[in-house]
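Working notes, beginning with the structure itself.
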Amino acid sequence: MLSLVDLLARIGSGALTPESAFRLTLEAIAMREGEIGAFAHLDRDARPSGRGPLNGIAVGVKDIIDTAGMPTEMGSPIYAGWRPKADAPVVSALKRAGATVIGKTTTTAFASVDPTRTRNPHGLSHTPGGSSAGSAAAVGAGMVPLAVGTQTGGSVIRPAAYCGAAAIKPSFRLLPTVGVKCFAWTLDTVGLFAAGTADLALALELVSGRPMPLDPPARPRIGVVTQDFAGEPEPAAAAALERAALLLSRSGAEIWDVKPPSSFAAAWAAHGTIQDFEAKHALAWEYDHHRAEIAPLLGEALDKAQAIPAAAYDDARRLANRARRDARELFAELDAVVTYAAPGPAPEGYGSTGDSRYNRLWTLLGTPCVNVPGLVREGGLPVGVQVIAPFARDGVALALAHLLERAQAAS
Ligand SMILES: NC(=O)CC(=O)O
């Protein structure tokens, strides 16, 4: 994969120019995009910006995120050819730092669950996951050093795990969702994909304006959480979590097997009500005026969502708030938890983008999640874990994910 930190170091040392660094992306896209299909739109005229710390860095942006001068088509024929006037603020932040948007990465329709045409770089007959399929595949295939995605259920962490990319779903609202097509306003979170945790930290620091130091807490206390309420994982995911706990322990962490409070299971079960109730309002215009053009799985979900009463939504939000309170207590004793990033390796075939069952609780809690890829492999496919820190402790999530990544590399 193309490492952001490595590219910038080589530009800084003079081993690369911004132009030659940018050309590495162009060459990689020329080599792999034909079989991967990570981009909904490529800007063939894109060039380095000539300024800023990210000069020479090409970025992929998920196609539900507004970009001026490029189509933003939401993965749907309803928005075919749609060109926003302005960049979303997260795109403006990247451009202000000197990055170049090389293209729009594929998304499931409106960031829901209908598969895209994108293929998994580690197994072309496997899904890359979703909804941020193109961003995960573009980074995992080594085509771009940085890509932007979003998560409402598991759409950053799961595809990153399937495609062997590092990724962060930051704390809720750390990055603005202005200019991002809304699916569920209390869940949608903008996230980043990169080759490794140091690359993520640098990118998040530049985009969020907050320092993300990678030095971990001394003697970190880490809880291993299996989320039994979400069902059993595949053996490879269980093996990845066991390996992560062993590597973290060998790196000096205190490891605790943690049974989450009962409110977590209730909040996990309530995620769908919140998501689908909000989606029926967020996509009301598309549903009322273009129902026949809505992708099938999303259309079915929206049909059912019409019947969700506001009272059920309000009850679900109360359950979420209780779990957020309990999460604060859980994290009072822990620096982070580690759990499955996905139920297993990327599923064979393209009929599904996989299952967000191990991701959606943490999206609802708003806690920062970092995918550490490839703890184990099955059939050549990477299987990762996610490191989760308390709300607003994104730097700790990255630092402990970095500790695990380094331990994995040294093992
Ligand atoms: N947008 C989402 O997070 C949906 C998913 O997890 O597939």
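Both counts, for ligands and for their atoms, begin at 1 and track the order of listing.
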Within a distance under 4.0 Å of any heavy atom of [X], pick out the atoms of ligand 1 and give their elements.
X	answer
Gly130	7 (O)
Ser356	6 (O)
Thr152	1 (N), 2 (C), 3 (O)
Ala111	1 (N), 2 (C), 4 (C)
Gly153	2 (C), 3 (O), 6 (O)

- Message: Less than 6.0 angstrom from the centroid, inside 45 degrees of the normal: does Arg47 satisfy that with respect to the ring of Phe22?
- Response: no

- From the list Asn359, Leu187, Leu319, side-chain contact (heavy atoms from CB on, under 4.5 Å) with Leu364 holds only for Leu187

- Task: Please work out whether any backbone atom (N, CA, C, O) or any side-chain heavy atom from C-beta onward of Arg158 is under 4.0 Å from ligand 1, and answer side chain, backbone, both or neither.
- Result: side chain

- Does atom CZ of Arg250 have more than 12 heavy-atom neighbours from other groups under 6.0 Å away? no

- Please name the residue in the list Arg317, Arg325, Arg324 that meets the side-chain hydrogen bond (donor to acceptor under 3.5 Å, both in side chains) test with Asn321. Arg324

- Item | Nearest-0.5 Å distance that lies between atom CD in Gln227 and atom OG1 in Thr339 | 4.0 Å

- Message: Tell me the protein heavy atom at minimum distance from atom 2 (C) of ligand 1, and give that distance in Å.
- Response: Ser155 OG, 2.3 Å

- Message: Looking only at protein heavy atoms, which one is nearest to atom 6 (O) of ligand 1, and what is the separation?
- Response: Gly154 N, 2.6 Å

- Query: Does the side chain of Tyr79 come under 3.5 Å of the side chain of Asp63 through a donor N or O and an acceptor N or O?
  - Reply: no

